[in-house]
Amino acid sequence: MDGEHGVDGDDADNADDGFAAFAVAAWPRLVRTAQLLTGDFHEAEDLVQTTLAKVYGRWRRVPRSEIDLYVRRALVNNNLSRIRRKRVALLLTPVLPESLRHTYAGHAEAVEQRTALQEALADLTARQRAVMVLRYWEDLTEQEIASVLNCSIGTVKTHARRGLAALRTHPRIAAAPVPYALAPSGARR
């Protein structure tokens, strides 16, 4: 027994009903998804932290079979709220400075391609961006995306079609296509 808190390890695990284990396991995946939604690693971490804090308050009421759907929906909704509240525009450098680009030849191109993708995603509407990330990064079906976004499959298809059209014609993507290697390693094709 822990003398300071009066709770041993097993009681602490039961007290959170597995939330801590879920949060630790899901953190890397949620941060990667959030980074694609926000375009910034630090904002992504903040978004995931805020989302998990809100989920924790409702954890015991969420059916275990719907945890992933619930957390994804919360993440997307919190991002949409963040965008609506956003007061400060972030200035992101679209390419690395010339001196750094030549220092790490292979790495620099990968960073530049990733930056081009994030810039192109940032130019989409929040809903189009959410559909693109959920479909092509999280590899969700149209039905699953409709459930996460709480909309019809037709709306998902419309956002996907418009988002893909915008990405295909984006000047950064058209100039230097982003390789498929940027997809997560476990993505289904």
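Keep in mind that what you see is a predicted model, and the values were worked out from it rather than measured. The chain is numbered in sequence order, starting from 1.
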Chemist: Does atom CZ of Arg64 have more than 12 heavy-atom neighbours, drawn from other residues, nucleotides or ligands, at distances under 6.0 Å?
Modeler: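 Yes, CZ of Arg64 has more than 12 neighbouring heavy atoms, counting only those of other groups under 6.0 Å.
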Chemist: What I want to check is whether the side chains of Thr51 and Asn78 have a donor and an acceptor closer together than 3.5 Å.
Modeler: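 There is such a pair (donor and acceptor under 3.5 Å, judged by atom type) between the side chains of Thr51 and Asn78.
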Chemist: Could you pull out the closest heavy-atom pair between Glu45 and Val31, with the gap in Å?
Modeler: CG-CG1, 4.2 Å
Chemist: Can you tell me how far OG1 of Thr141 sits from CZ of Arg135, rounded to the nearest 0.5 angstrom?
Modeler: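 Going from CZ on Arg135 over to OG1 on Thr141, the span is 7.5 Å.
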Chemist: Give the C-alpha distance, both sets of side-chain angles, the deciding distance and a yes or no for side-chain contact (heavy atoms from CB on, under 4.5 Å) between Leu124 and Leu121.
Modeler: CA-CA 5 Å; Leu124 299 177; Leu121 284 171; 3.9 Å; yes
Chemist: Is there a side-chain contact (heavy atoms from CB on, under 4.5 Å) between Phe22 and Val71? Walk through the geometry before answering.
Modeler: CA-CA 11 Å; Phe22 170 82; Val71 172; 3.7 Å; yes
Chemist: Nearest 0.5 Å, please: how far is CH2 in Trp137 from CD in Gln35?
Modeler: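 CH2 of Trp137 is found 8.5 Å from CD of Gln35.
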Chemist: For Ala34 and Leu47, which heavy atoms make the closest approach, and how far apart are they?
Modeler: CB-CD2, 3.9 Å
Chemist: So Val156 and Gln143, do their side chains get closer than 4.5 Å, heavy atoms only?
Modeler: no
Chemist: Quick one: closest heavy-atom pair of His170 and Asp123, and the distance?
Modeler: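 Closest approach of His170 to Asp123, heavy atoms only: NE2-OD2, 2.7 Å.
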Chemist: Closest heavy-atom contact between Leu37 and Ala130?
Modeler: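 Shortest heavy-atom contact: CD2-CA, 3.7 Å.
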Chemist: Does the side-chain contact (heavy atoms from CB on, under 4.5 Å) test come out yes or no for Tyr136 and Leu164, once each step is laid out?
Modeler: CA-CA 11 Å; Tyr136 298 105; Leu164 282 173; 3.4 Å; yes
Chemist: Determine, for Glu43 against Arg82, whether the closest basic-nitrogen to carboxylate-oxygen distance falls under 4.0 angstrom.
Modeler: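 Salt bridge: yes.
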Chemist: For the hydrophobic clusters of this structure (ILVMFWY residues joined by side-chain heavy atoms under 4.5 Å, transitively), does one cluster hold both Leu36 and Trp27?
Modeler: yes
Chemist: Out of curiosity, Asp139 CG to Ile145 CD1, how far, rounded to the nearest 0.5 Å?
Modeler: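 Between atom CG of Asp139 and atom CD1 of Ile145 there are 9.0 Å.
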Chemist: Measuring from His159:NE2 to Glu142:CD, what's the distance to the nearest 0.5 Å?
Modeler: 12.5 Å
Chemist: Please report the interatomic distance CD(Glu66) to CZ(Arg73), rounded to the nearest 0.5 Å.
Modeler: 8.0 Å
Chemist: Just one of Val133, Thr50, Thr38 clears the side-chain contact (heavy atoms from CB on, under 4.5 Å) bar with Asn79, so which one?
Modeler: Thr38
Chemist: Closest heavy-atom contact between Gln118 and Arg129?
Modeler: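 It is O-NH2, 4.3 Å.
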Chemist: Please report the shortest heavy-atom distance between Asp17 and Trp59, naming the atom on each side.
Modeler: O-NE1, 3.0 Å
Chemist: Please report the interatomic distance NZ(Lys54) to CG(Asn77), rounded to the nearest 0.5 Å.
Modeler: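 Result: 9.0 Å between the selected atoms.
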Chemist: For Arg72 and Leu75: C-alpha separation, side-chain torsions, deciding distance, then whether side-chain contact (heavy atoms from CB on, under 4.5 Å) applies.
Modeler: CA-CA 5 Å; Arg72 279 189 185 108; Leu75 186 70; 5.6 Å; no
